[in-house]
Amino acid sequence: MSELKERLLPPRPASAMNLRDTAVSRPSASGRAPLLGVDVLGLKKRGQGLRSWIRVDTSGNTQVMEVDKFTMMRRCDLPARDLRLLDPLFVYPSTILGREKAIVVNLEQIRCIITADEVLLLNSLDNYVLRYVVELQQRLKTSAVGELWQEENSQLSRRRSRSFDNAFENSSPDYLPFEFRALEIALEAACTFLDSQASELEIEAYPLLDELTSKISTLNLERVRRLKSRLVALTRRVQKVRDEIEQLMDDDGDMAEMYLTEKKKRMEGSLYGDQSIMGYRSNDGLSVSAPVSPVSSPPDSRRLDKSLSIARSRHDSARSSEGVQENIEELEMLLEAYFVVIDSTLNKLTSLKEYIDDTEDFINIQLDNVRNQLIQFELLLTTATFVVAIFGVVAGIFGMNFEIDFFNQPGAFRWVLIITGVCGLVIFSAFVWFFKYRRLMPL
(Lines give C-alpha, C1' and ligand atoms only; values in the text may rest on other atoms or scores of the structure.)
Protein backbone atom coordinates (compact mmCIF):
# COMPACT_ATOMS: atom_id res chain seq x y z
CA MET A 1 0.00 0.00 0.00
CA SER A 2 2.87 2.41 0.75
CA GLU A 3 4.44 1.67 -2.65
CA LEU A 4 1.11 2.43 -4.33
CA LYS A 5 0.87 5.73 -2.45
CA GLU A 6 4.35 6.75 -3.60
CA ARG A 7 3.50 5.75 -7.16
CA LEU A 8 0.19 7.60 -7.25
CA LEU A 9 1.35 10.82 -5.61
CA PRO A 10 2.62 13.48 -8.05
CA PRO A 11 6.35 14.28 -7.94
CA ARG A 12 7.26 17.14 -5.64
CA PRO A 13 9.93 19.73 -6.39
CA ALA A 14 12.84 20.29 -4.03
CA SER A 15 11.54 23.71 -2.95
CA ALA A 16 8.21 22.25 -1.93
CA MET A 17 9.96 19.43 -0.03
CA ASN A 18 12.15 21.92 1.85
CA LEU A 19 9.13 24.06 2.63
CA ARG A 20 7.24 21.05 3.95
CA ASP A 21 10.17 19.86 6.06
CA THR A 22 10.49 23.32 7.55
CA ALA A 23 6.77 23.40 8.35
CA VAL A 24 6.95 20.00 10.03
CA SER A 25 10.01 20.86 12.11
CA ARG A 26 8.69 24.29 13.14
CA PRO A 27 5.83 24.25 15.68
CA SER A 28 2.81 26.42 15.01
CA ALA A 29 1.98 29.56 16.97
CA SER A 30 -1.03 27.92 18.65
CA GLY A 31 1.08 25.04 19.95
CA ARG A 32 -0.70 22.39 17.85
CA ALA A 33 1.17 19.86 15.77
CA PRO A 34 1.06 20.53 12.03
CA LEU A 35 -1.18 18.38 9.84
CA LEU A 36 0.77 15.45 8.46
CA GLY A 37 0.11 14.16 4.97
CA VAL A 38 -1.33 17.44 3.65
CA ASP A 39 0.11 18.46 0.31
CA VAL A 40 0.61 22.23 0.47
CA LEU A 41 1.61 22.34 -3.17
CA GLY A 42 -1.53 20.41 -4.11
CA LEU A 43 -3.66 22.85 -2.14
CA LYS A 44 -2.11 25.73 -3.99
CA LYS A 45 -2.82 24.09 -7.33
CA ARG A 46 -6.38 23.37 -6.30
CA GLY A 47 -6.77 27.01 -5.47
CA GLN A 48 -5.73 27.76 -9.06
CA GLY A 49 -8.35 25.30 -10.42
CA LEU A 50 -6.10 22.29 -11.01
CA ARG A 51 -6.82 19.00 -9.32
CA SER A 52 -4.96 15.75 -9.14
CA TRP A 53 -6.70 12.78 -10.78
CA ILE A 54 -5.76 9.12 -10.90
CA ARG A 55 -6.32 7.63 -14.35
CA VAL A 56 -6.73 3.87 -14.78
CA ASP A 57 -6.98 2.60 -18.36
CA THR A 58 -8.40 -0.66 -19.67
CA SER A 59 -5.04 -2.43 -19.25
CA GLY A 60 -4.77 -1.53 -15.56
CA ASN A 61 -2.07 1.11 -15.97
CA THR A 62 -2.28 4.07 -13.57
CA GLN A 63 -1.31 7.66 -14.22
CA VAL A 64 -1.56 10.83 -12.13
CA MET A 65 -2.81 13.90 -14.01
CA GLU A 66 -3.25 17.54 -13.07
CA VAL A 67 -6.41 18.70 -14.87
CA ASP A 68 -8.68 21.68 -14.31
CA LYS A 69 -12.45 21.45 -14.21
CA PHE A 70 -13.16 22.79 -17.69
CA THR A 71 -10.70 20.40 -19.31
CA MET A 72 -12.34 17.51 -17.49
CA MET A 73 -15.76 18.71 -18.64
CA ARG A 74 -14.61 18.71 -22.27
CA ARG A 75 -12.79 15.41 -21.88
CA CYS A 76 -15.78 13.49 -20.49
CA ASP A 77 -18.57 15.63 -21.99
CA LEU A 78 -20.07 16.37 -18.55
CA PRO A 79 -21.87 19.44 -17.21
CA ALA A 80 -20.49 21.38 -14.27
CA ARG A 81 -23.16 20.13 -11.85
CA ASP A 82 -22.01 16.53 -12.37
CA LEU A 83 -18.41 17.42 -11.51
CA ARG A 84 -19.68 19.29 -8.47
CA LEU A 85 -20.95 15.96 -7.11
CA LEU A 86 -17.33 14.76 -6.96
CA ASP A 87 -16.06 17.81 -5.08
CA PRO A 88 -14.57 16.60 -1.76
CA LEU A 89 -15.27 19.99 -0.16
CA PHE A 90 -19.01 19.34 -0.34
CA VAL A 91 -21.06 16.48 1.06
CA TYR A 92 -23.52 15.02 -1.44
CA PRO A 93 -25.59 11.84 -1.10
CA SER A 94 -24.65 8.73 -3.03
CA THR A 95 -25.39 9.10 -6.73
CA ILE A 96 -24.88 7.08 -9.92
CA LEU A 97 -25.52 9.08 -13.10
CA GLY A 98 -25.36 7.74 -16.65
CA ARG A 99 -24.38 10.28 -19.27
CA GLU A 100 -23.62 10.17 -22.99
CA LYS A 101 -19.91 9.36 -22.67
CA ALA A 102 -19.36 8.73 -18.97
CA ILE A 103 -20.81 7.40 -15.72
CA VAL A 104 -20.53 9.67 -12.68
CA VAL A 105 -20.18 7.63 -9.48
CA ASN A 106 -20.38 9.09 -5.99
CA LEU A 107 -20.52 6.19 -3.54
CA GLU A 108 -19.17 7.00 -0.08
CA GLN A 109 -15.38 7.47 -0.46
CA ILE A 110 -15.36 6.35 -4.11
CA ARG A 111 -15.85 9.40 -6.34
CA CYS A 112 -14.91 8.74 -9.93
CA ILE A 113 -15.80 9.21 -13.59
CA ILE A 114 -16.05 6.02 -15.65
CA THR A 115 -15.75 6.14 -19.44
CA ALA A 116 -15.46 3.40 -22.03
CA ASP A 117 -11.63 3.60 -21.95
CA GLU A 118 -10.62 4.86 -18.52
CA VAL A 119 -11.54 5.55 -14.90
CA LEU A 120 -10.74 8.94 -13.40
CA LEU A 121 -10.61 9.21 -9.60
CA LEU A 122 -9.83 12.18 -7.44
CA ASN A 123 -6.33 11.63 -6.05
CA SER A 124 -6.62 10.87 -2.36
CA LEU A 125 -4.66 9.12 0.36
CA ASP A 126 -7.78 7.36 1.61
CA ASN A 127 -7.25 3.63 2.01
CA TYR A 128 -10.56 2.84 0.35
CA VAL A 129 -9.55 4.76 -2.79
CA LEU A 130 -6.20 2.99 -2.92
CA ARG A 131 -7.89 -0.37 -2.43
CA TYR A 132 -10.27 0.48 -5.26
CA VAL A 133 -7.34 1.20 -7.58
CA VAL A 134 -5.54 -2.01 -6.59
CA GLU A 135 -8.69 -4.13 -6.99
CA LEU A 136 -9.45 -2.55 -10.37
CA GLN A 137 -5.95 -3.28 -11.61
CA GLN A 138 -6.17 -6.90 -10.52
CA ARG A 139 -9.60 -7.37 -12.12
CA LEU A 140 -8.48 -5.80 -15.38
CA LYS A 141 -5.36 -7.94 -15.61
CA THR A 142 -7.38 -11.07 -14.86
CA SER A 143 -10.01 -10.17 -17.43
CA ALA A 144 -7.30 -9.41 -20.01
CA VAL A 145 -5.96 -12.95 -19.59
CA GLY A 146 -9.49 -14.34 -19.89
CA GLU A 147 -10.17 -12.33 -23.06
CA LEU A 148 -6.92 -13.54 -24.61
CA TRP A 149 -7.81 -17.14 -23.79
CA GLN A 150 -11.29 -16.71 -25.22
CA GLU A 151 -9.91 -15.14 -28.39
CA GLU A 152 -7.53 -18.04 -28.90
CA ASN A 153 -10.34 -20.53 -28.40
CA SER A 154 -12.56 -18.68 -30.86
CA GLN A 155 -9.79 -18.64 -33.47
CA LEU A 156 -9.23 -22.37 -32.98
CA SER A 157 -12.94 -23.08 -33.34
CA ARG A 158 -13.09 -21.02 -36.53
CA ARG A 159 -10.27 -23.04 -38.02
CA ARG A 160 -12.03 -26.29 -37.20
CA SER A 161 -15.49 -25.36 -38.45
CA ARG A 162 -16.07 -22.31 -40.60
CA SER A 163 -19.77 -23.05 -40.85
CA PHE A 164 -20.27 -21.81 -37.27
CA ASP A 165 -18.63 -18.42 -37.75
CA ASN A 166 -21.85 -16.45 -37.41
CA ALA A 167 -22.84 -18.37 -34.30
CA PHE A 168 -19.58 -17.53 -32.57
CA GLU A 169 -19.68 -13.91 -33.66
CA ASN A 170 -23.24 -13.35 -32.45
CA SER A 171 -22.80 -15.05 -29.08
CA SER A 172 -22.53 -12.65 -26.17
CA PRO A 173 -19.27 -12.63 -24.19
CA ASP A 174 -19.26 -14.06 -20.69
CA TYR A 175 -17.38 -11.05 -19.27
CA LEU A 176 -18.59 -7.56 -18.44
CA PRO A 177 -17.49 -4.43 -20.32
CA PHE A 178 -14.91 -2.15 -18.83
CA GLU A 179 -17.34 0.39 -17.40
CA PHE A 180 -19.43 -2.31 -15.75
CA ARG A 181 -16.36 -3.85 -14.13
CA ALA A 182 -15.32 -0.47 -12.76
CA LEU A 183 -18.87 0.17 -11.54
CA GLU A 184 -19.00 -3.27 -9.94
CA ILE A 185 -15.83 -2.62 -7.95
CA ALA A 186 -17.20 0.76 -6.82
CA LEU A 187 -20.47 -0.86 -5.69
CA GLU A 188 -18.55 -3.62 -3.97
CA ALA A 189 -16.34 -1.11 -2.13
CA ALA A 190 -19.32 0.98 -1.02
CA CYS A 191 -21.37 -2.03 0.10
CA THR A 192 -18.40 -3.52 1.95
CA PHE A 193 -17.64 -0.22 3.68
CA LEU A 194 -21.25 0.27 4.80
CA ASP A 195 -21.58 -3.34 5.90
CA SER A 196 -18.39 -3.12 7.96
CA GLN A 197 -19.64 0.04 9.67
CA ALA A 198 -22.97 -1.66 10.37
CA SER A 199 -21.18 -4.67 11.86
CA GLU A 200 -19.01 -2.47 14.08
CA LEU A 201 -22.07 -0.57 15.25
CA GLU A 202 -23.88 -3.83 15.92
CA ILE A 203 -20.99 -5.23 17.96
CA GLU A 204 -20.89 -2.06 20.04
CA ALA A 205 -24.65 -1.70 20.46
CA TYR A 206 -25.85 -5.02 21.87
CA PRO A 207 -23.59 -5.13 25.00
CA LEU A 208 -24.36 -1.48 25.70
CA LEU A 209 -28.11 -2.04 25.46
CA ASP A 210 -27.91 -5.11 27.70
CA GLU A 211 -25.97 -3.08 30.26
CA LEU A 212 -28.59 -0.34 30.10
CA THR A 213 -31.41 -2.78 30.82
CA SER A 214 -29.59 -4.07 33.89
CA LYS A 215 -28.51 -0.66 35.18
CA ILE A 216 -30.26 2.55 34.19
CA SER A 217 -27.87 5.46 34.63
CA THR A 218 -27.23 8.83 33.08
CA LEU A 219 -23.95 7.66 31.53
CA ASN A 220 -25.52 4.64 29.86
CA LEU A 221 -28.41 6.71 28.56
CA GLU A 222 -25.99 9.24 27.04
CA ARG A 223 -24.01 6.46 25.35
CA VAL A 224 -27.20 4.97 23.91
CA ARG A 225 -28.25 8.40 22.64
CA ARG A 226 -24.96 8.80 20.75
CA LEU A 227 -25.27 5.28 19.43
CA LYS A 228 -28.75 5.96 18.12
CA SER A 229 -27.56 9.15 16.39
CA ARG A 230 -24.84 7.19 14.59
CA LEU A 231 -27.37 4.51 13.67
CA VAL A 232 -29.76 7.04 12.16
CA ALA A 233 -26.98 8.66 10.09
CA LEU A 234 -25.69 5.30 8.84
CA THR A 235 -29.21 4.10 8.02
CA ARG A 236 -29.80 7.23 5.97
CA ARG A 237 -26.63 6.61 3.94
CA VAL A 238 -27.44 2.94 3.36
CA GLN A 239 -31.01 3.82 2.40
CA LYS A 240 -29.74 6.35 -0.14
CA VAL A 241 -27.45 3.79 -1.81
CA ARG A 242 -30.29 1.26 -1.87
CA ASP A 243 -32.72 3.77 -3.39
CA GLU A 244 -30.16 4.76 -6.03
CA ILE A 245 -29.64 1.14 -7.11
CA GLU A 246 -33.37 0.46 -7.08
CA GLN A 247 -34.04 3.57 -9.18
CA LEU A 248 -31.51 2.39 -11.77
CA MET A 249 -33.06 -1.07 -11.86
CA ASP A 250 -36.53 0.37 -12.43
CA ASP A 251 -35.45 2.60 -15.35
CA ASP A 252 -34.39 0.70 -18.48
CA GLY A 253 -33.44 3.93 -20.25
CA ASP A 254 -30.86 4.86 -17.63
CA MET A 255 -29.38 1.38 -17.70
CA ALA A 256 -29.15 1.45 -21.50
CA GLU A 257 -27.50 4.88 -21.31
CA MET A 258 -24.76 3.48 -19.06
CA TYR A 259 -23.52 0.98 -21.66
CA LEU A 260 -20.68 3.12 -22.99
CA THR A 261 -18.73 0.44 -24.86
CA GLU A 262 -21.70 -0.48 -27.03
CA LYS A 263 -22.35 3.16 -27.90
CA LYS A 264 -18.69 3.65 -28.75
CA LYS A 265 -18.72 0.59 -31.02
CA ARG A 266 -21.85 1.84 -32.80
CA MET A 267 -20.30 5.25 -33.37
CA GLU A 268 -17.09 3.70 -34.72
CA GLY A 269 -19.11 1.30 -36.89
CA SER A 270 -21.13 4.11 -38.41
CA LEU A 271 -17.95 6.13 -38.99
CA TYR A 272 -16.23 3.22 -40.71
CA GLY A 273 -19.37 2.59 -42.81
CA ASP A 274 -19.41 6.18 -44.04
CA GLN A 275 -15.71 6.00 -44.88
CA SER A 276 -16.20 2.74 -46.81
CA ILE A 277 -19.05 4.22 -48.85
CA MET A 278 -16.97 7.30 -49.62
CA GLY A 279 -14.08 5.06 -50.63
CA TYR A 280 -16.41 3.06 -52.90
CA ARG A 281 -17.53 6.24 -54.60
CA SER A 282 -13.97 7.40 -55.07
CA ASN A 283 -13.04 4.03 -56.59
CA ASP A 284 -15.91 4.36 -59.06
CA GLY A 285 -14.41 7.61 -60.28
CA LEU A 286 -16.79 9.97 -58.47
CA SER A 287 -15.47 13.07 -56.78
CA VAL A 288 -16.21 13.25 -53.06
CA SER A 289 -15.70 16.96 -52.72
CA ALA A 290 -17.74 17.98 -55.76
CA PRO A 291 -21.53 17.60 -55.72
CA VAL A 292 -22.90 14.81 -57.88
CA SER A 293 -25.69 15.65 -60.23
CA PRO A 294 -28.56 13.16 -60.31
CA VAL A 295 -28.70 13.50 -64.11
CA SER A 296 -25.04 12.64 -64.71
CA SER A 297 -24.88 9.89 -62.06
CA PRO A 298 -25.58 6.44 -63.31
CA PRO A 299 -28.79 4.93 -61.89
CA ASP A 300 -27.08 1.69 -60.86
CA SER A 301 -24.60 3.43 -58.57
CA ARG A 302 -27.35 5.54 -56.95
CA ARG A 303 -29.48 2.45 -56.45
CA LEU A 304 -26.54 0.58 -54.92
CA ASP A 305 -25.72 3.45 -52.53
CA LYS A 306 -29.33 3.64 -51.41
CA SER A 307 -29.57 -0.09 -50.80
CA LEU A 308 -26.28 -0.10 -48.87
CA SER A 309 -27.40 2.77 -46.63
CA ILE A 310 -30.77 1.12 -45.94
CA ALA A 311 -29.15 -2.23 -45.18
CA ARG A 312 -26.59 -0.61 -42.88
CA SER A 313 -29.25 1.36 -41.00
CA ARG A 314 -31.40 -1.75 -40.55
CA HIS A 315 -28.41 -3.75 -39.38
CA ASP A 316 -27.35 -1.04 -36.91
CA SER A 317 -30.87 -0.67 -35.52
CA ALA A 318 -31.26 -4.44 -35.11
CA ARG A 319 -27.88 -4.72 -33.40
CA SER A 320 -28.59 -1.77 -31.14
CA SER A 321 -32.00 -3.10 -30.05
CA GLU A 322 -30.64 -6.58 -29.36
CA GLY A 323 -27.54 -5.20 -27.64
CA VAL A 324 -29.53 -2.80 -25.48
CA GLN A 325 -31.83 -5.58 -24.30
CA GLU A 326 -28.89 -7.85 -23.58
CA ASN A 327 -26.88 -5.13 -21.85
CA ILE A 328 -29.85 -4.14 -19.72
CA GLU A 329 -30.06 -7.72 -18.52
CA GLU A 330 -26.33 -7.78 -17.72
CA LEU A 331 -26.43 -4.52 -15.81
CA GLU A 332 -29.69 -5.46 -14.12
CA MET A 333 -28.19 -8.70 -12.81
CA LEU A 334 -25.14 -6.78 -11.62
CA LEU A 335 -27.23 -4.19 -9.81
CA GLU A 336 -29.54 -6.84 -8.41
CA ALA A 337 -26.63 -8.68 -6.77
CA TYR A 338 -25.47 -5.57 -4.91
CA PHE A 339 -29.05 -4.55 -4.21
CA VAL A 340 -29.38 -7.78 -2.22
CA VAL A 341 -26.15 -6.97 -0.33
CA ILE A 342 -27.15 -3.41 0.55
CA ASP A 343 -30.67 -4.55 1.42
CA SER A 344 -29.18 -7.08 3.84
CA THR A 345 -27.16 -4.29 5.46
CA LEU A 346 -30.29 -2.17 5.72
CA ASN A 347 -32.18 -5.07 7.33
CA LYS A 348 -29.36 -5.45 9.81
CA LEU A 349 -29.59 -1.77 10.76
CA THR A 350 -33.38 -1.99 10.91
CA SER A 351 -33.14 -4.94 13.30
CA LEU A 352 -30.69 -2.99 15.45
CA LYS A 353 -33.04 0.00 15.50
CA GLU A 354 -35.94 -2.25 16.49
CA TYR A 355 -33.81 -3.69 19.29
CA ILE A 356 -33.03 -0.18 20.51
CA ASP A 357 -36.73 0.71 20.37
CA ASP A 358 -37.58 -2.44 22.33
CA THR A 359 -34.94 -1.56 24.90
CA GLU A 360 -36.37 1.94 25.22
CA ASP A 361 -39.85 0.50 25.67
CA PHE A 362 -38.56 -1.89 28.33
CA ILE A 363 -36.85 0.99 30.16
CA ASN A 364 -40.01 3.08 29.97
CA ILE A 365 -41.99 0.18 31.39
CA GLN A 366 -39.52 -0.12 34.24
CA LEU A 367 -39.69 3.60 34.95
CA ASP A 368 -43.49 3.52 34.83
CA ASN A 369 -43.50 0.63 37.26
CA VAL A 370 -41.28 2.52 39.69
CA ARG A 371 -43.46 5.58 39.28
CA ASN A 372 -46.58 3.55 40.03
CA GLN A 373 -44.99 2.09 43.15
CA LEU A 374 -44.16 5.59 44.38
CA ILE A 375 -47.73 6.70 43.75
CA GLN A 376 -49.07 3.69 45.69
CA PHE A 377 -46.71 4.40 48.58
CA GLU A 378 -47.76 8.04 48.58
CA LEU A 379 -51.41 6.95 48.69
CA LEU A 380 -50.79 4.74 51.73
CA LEU A 381 -48.96 7.58 53.48
CA THR A 382 -51.85 9.93 52.79
CA THR A 383 -54.32 7.40 54.23
CA ALA A 384 -52.18 6.87 57.34
CA THR A 385 -51.88 10.63 57.80
CA PHE A 386 -55.69 10.89 57.71
CA VAL A 387 -56.01 8.18 60.38
CA VAL A 388 -53.47 9.88 62.64
CA ALA A 389 -55.34 13.14 62.20
CA ILE A 390 -58.29 11.50 63.99
CA PHE A 391 -56.21 11.37 67.20
CA GLY A 392 -55.59 15.09 66.85
CA VAL A 393 -59.28 15.77 66.55
CA VAL A 394 -60.04 13.72 69.71
CA ALA A 395 -57.22 15.45 71.60
CA GLY A 396 -58.55 18.85 70.52
CA ILE A 397 -62.04 18.02 71.71
CA PHE A 398 -60.90 16.80 75.13
CA GLY A 399 -58.53 19.69 75.49
CA MET A 400 -61.27 22.31 75.64
CA ASN A 401 -61.82 24.20 78.88
CA PHE A 402 -64.98 22.58 80.28
CA GLU A 403 -65.66 20.01 83.01
CA ILE A 404 -67.60 16.73 82.69
CA ASP A 405 -67.92 13.68 84.93
CA PHE A 406 -66.02 11.53 82.44
CA PHE A 407 -62.79 13.31 83.35
CA ASN A 408 -63.09 12.17 86.99
CA GLN A 409 -63.16 8.46 86.13
CA PRO A 410 -59.75 6.75 86.56
CA GLY A 411 -59.83 4.62 83.32
CA ALA A 412 -61.28 7.27 81.03
CA PHE A 413 -58.00 8.10 79.25
CA ARG A 414 -57.32 4.42 78.47
CA TRP A 415 -60.76 3.94 76.95
CA VAL A 416 -60.38 7.06 74.83
CA LEU A 417 -57.10 5.73 73.39
CA ILE A 418 -58.51 2.26 72.73
CA ILE A 419 -61.68 3.50 71.05
CA THR A 420 -59.76 6.05 68.95
CA GLY A 421 -57.19 3.45 67.86
CA VAL A 422 -59.85 0.90 66.95
CA CYS A 423 -61.73 3.50 64.91
CA GLY A 424 -58.51 4.50 63.14
CA LEU A 425 -57.72 0.89 62.23
CA VAL A 426 -61.24 0.34 60.95
CA ILE A 427 -61.06 3.47 58.83
CA PHE A 428 -57.58 2.53 57.46
CA SER A 429 -58.78 -1.01 56.65
CA ALA A 430 -61.81 0.41 54.88
CA PHE A 431 -59.60 2.64 52.72
CA VAL A 432 -57.29 -0.28 51.84
CA TRP A 433 -60.25 -2.47 50.92
CA PHE A 434 -61.59 0.33 48.73
CA PHE A 435 -58.24 0.72 46.96
CA LYS A 436 -58.08 -3.02 46.35
CA TYR A 437 -61.68 -3.11 45.15
CA ARG A 438 -61.00 -0.30 42.67
CA ARG A 439 -57.64 -1.92 41.69
CA LEU A 440 -55.68 1.16 42.59
CA MET A 441 -52.89 -0.92 44.13
CA PRO A 442 -51.99 -4.64 43.94
CA LEU A 443 -52.36 -5.68 47.58
Side-chain angles (χ1 to χ4, degrees), residues 1 27-38 88-94 106-110 124-131 189-244 341-385 435 439-443:
M1 191 69 70
S28 60
S30 60
R32 298 179 181 177
L35 295 176
L36 299 179
V38 177
L89 301 179
F90 299 97
V91 179
Y92 289 98
S94 298
N106 180 15
L107 294 175
E108 296 300 320
Q109 283 82 5
I110 307 301
S124 174
L125 297 179
D126 194 352
N127 290 328
Y128 286 95
V129 177
L130 299 179
R131 290 176 187 174
C191 294
T192 305
F193 175 71
L194 293 175
D195 187 71
S196 63
Q197 283 198 343
S199 300
E200 293 176 0
L201 193 63
E202 192 177 16
I203 293 173
E204 182 182 356
Y206 285 112
L208 180 59
L209 294 174
D210 294 338
E211 183 181 358
L212 180 62
T213 54
S214 61
K215 181 182 178 181
I216 303 175
S217 62
T218 306
L219 179 60
N220 290 335
L221 290 174
E222 179 64 22
R223 292 170 63 186
V224 171
R225 186 191 65 82
R226 295 177 182 175
L227 179 69
K228 191 172 182 180
S229 301
R230 291 168 53 193
L231 175 63
V232 171
L234 183 59
T235 305
R236 190 181 299 113
R237 290 159 53 192
V238 173
Q239 183 68 42
K240 178 57 181 173
V241 175
R242 181 184 179 276
D243 293 342
E244 193 67 26
V341 175
I342 200 68
D343 189 66
S344 175
T345 305
L346 183 61
N347 291 334
K348 188 186 301 184
L349 295 175
T350 305
S351 301
L352 181 58
K353 186 177 184 301
E354 291 177 355
Y355 191 80
I356 292 177
D357 294 338
D358 294 340
T359 305
E360 290 179 351
D361 294 338
F362 179 74
I363 292 173
N364 291 330
I365 290 173
Q366 284 185 340
L367 295 177
D368 292 340
N369 187 22
V370 173
R371 192 180 298 110
N372 292 334
Q373 291 178 359
L374 292 176
I375 293 174
Q376 293 171 7
F377 184 70
E378 183 181 1
L379 188 60
L380 289 177
L381 287 180
T382 304
T383 305
T385 304
F435 294 152
R439 297 181 181 179
L440 296 177
M441 60 178 60
L443 294 176

**Q** With Glu202, which residues qualify under side-chain hydrogen bond (donor to acceptor under 3.5 Å, both in side chains), at least two apart?
**A**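 Once residues adjacent in sequence are excluded, Glu202 has no partner under the side-chain hydrogen bond (donor to acceptor under 3.5 Å, both in side chains) criterion.
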**Q** For Asp195, enumerate each residue passing the side-chain hydrogen bond (donor to acceptor under 3.5 Å, both in side chains) test, keeping only those at least two apart in sequence or located in another chain.
**A**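 Expected list: Thr345, Lys348.
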**Q** Please name all residues satisfying side-chain hydrogen bond (donor to acceptor under 3.5 Å, both in side chains) with Asp368, sequence neighbours left out, ordered by chain then number.
**A**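 Here the qualifying residues are Arg371.
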**Q** For the CG atom of Leu367 and the CG atom of Asn372, what is their distance to the nearest 0.5 Å?
**A**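 Separation between the atoms: 11.0 Å.
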**Q** Indicate yes or no for a side-chain donor-acceptor contact from Asn364 to the backbone of Glu360 under 3.5 Å, with no hydrogens or angles considered.
**A**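 Side chain of Asn364 to backbone of Glu360, a donor-acceptor pair under 3.5 Å: yes, one is there.
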**Q** Kindly determine whether Leu349 and Lys353 satisfy side chain to side chain contact (heavy atoms under 4.5 Å, CB included), including the steps that lead there.
**A** CA-CA 6 Å; Leu349 295 175; Lys353 186 177 184 301; over 6 Å; no
**Q** Just so I know, are the side chains of Leu107 and Ser94 near enough to count as touching, which here means a heavy-atom distance under 4.5 Å?
**A**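 Yes, side chains in contact.
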**Q** Measure across Pro93 and Asn106 and return the closest heavy-atom pair with its distance rounded to 0.1 Å.
**A**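 Minimum heavy-atom separation between Pro93 and Asn106: O-ND2, 3.4 Å.
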**Q** Calculate, to the nearest 0.5 Å, the distance between atoms CG and CZ belonging to Leu231 and Arg236 respectively.
**A**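 Rounded to the nearest 0.5 Å, the CG-CZ separation comes out at 10.5 Å.
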**Q** Using the test salt bridge (Lys or Arg N to Asp or Glu O under 4.0 Å), find all partners of Glu222 that sit at least two apart in sequence or belong to another chain.
**A**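 Result, salt bridge (Lys or Arg N to Asp or Glu O under 4.0 Å) vs Glu222: Arg225, Arg226.
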**Q** Determine whether Lys228 and Asp357 satisfy the following criterion, side chain to side chain contact (heavy atoms under 4.5 Å, CB included), listing intermediate values before the conclusion.
**A** CA-CA 10 Å; Lys228 191 172 182 180; Asp357 294 338; 3.9 Å; yes
**Q** Who pairs with Glu200 by salt bridge (Lys or Arg N to Asp or Glu O under 4.0 Å), at least two apart in sequence or on another chain?
**A**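 Expected list: none.
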**Q** Counting only N and O atoms by type, is there a donor-acceptor contact under 3.5 Å from the side chain of Thr192 to the main-chain atoms of Ala189?
**A**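 No, because the side chain of Thr192 does not come within donor-acceptor range (under 3.5 Å) of the backbone of Ala189.
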**Q** Give every residue pair that meets the ring pair (Phe, Tyr, Trp, His ring centres under 6.0 Å) criterion with at least one member in residues 222-241, sequence neighbours excluded.
**A**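 Not a single pair qualifies under ring pair (Phe, Tyr, Trp, His ring centres under 6.0 Å).
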**Q** About how many Å separate CG of Leu208 and OG1 of Thr213, when rounded to the nearest 0.5 Å?
**A**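 Atom-to-atom, Thr213:OG1 and Leu208:CG are 10.0 Å apart.
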**Q** Suppose we screen for side-chain hydrogen bond (donor to acceptor under 3.5 Å, both in side chains). Which residues come up paired with Gln197, at least two apart in sequence or across chains?
**A**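 Applying side-chain hydrogen bond (donor to acceptor under 3.5 Å, both in side chains) to Gln197 gives Arg237.
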**Q** Quick one: list whatever passes salt bridge (Lys or Arg N to Asp or Glu O under 4.0 Å) with Lys240, sequence neighbours left out.
**A**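 Glu244.
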**Q** Supply the atom-to-atom distance Ile356 CD1 to Leu227 CG, rounded to the nearest 0.5 angstrom.
**A**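 CG of Leu227 is found 4.5 Å from CD1 of Ile356.
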**Q** If I take atom CG from residue Leu194 and atom CD from residue Glu108, how far apart are they, to the nearest 0.5 angstrom?
**A**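 CD of Glu108 is found 4.5 Å from CG of Leu194.
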**Q** Could I get the full list of side chain to side chain contact (heavy atoms under 4.5 Å, CB included) partners for Asp343, not counting sequence neighbours?
**A**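 Asp343 satisfies side chain to side chain contact (heavy atoms under 4.5 Å, CB included) with Arg242, Asn347 once adjacent residues are dropped.
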**Q** Find the distance between CG (Asp210) and CG (Asn220) and round it off to the nearest 0.5 Å.
**A**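 Rounded to the nearest 0.5 Å, the CG-CG separation comes to 11.5 Å.
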**Q** Restricting to salt bridge (Lys or Arg N to Asp or Glu O under 4.0 Å), what partner residues turn up for Arg230, sequence neighbours left out?
**A**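 Listed in chain order: Glu204.
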**Q** Just jot down the ring pair (Phe, Tyr, Trp, His ring centres under 6.0 Å) partners of Tyr355, sequence neighbours excluded, or say none.
**A**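 Expected list: Tyr206.
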**Q** With sequence neighbours excluded, what pairs up with Tyr128 under the ring pair (Phe, Tyr, Trp, His ring centres under 6.0 Å) test?
**A**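 For Tyr128, the residues satisfying ring pair (Phe, Tyr, Trp, His ring centres under 6.0 Å) (neighbours in sequence not counted) are Phe193.
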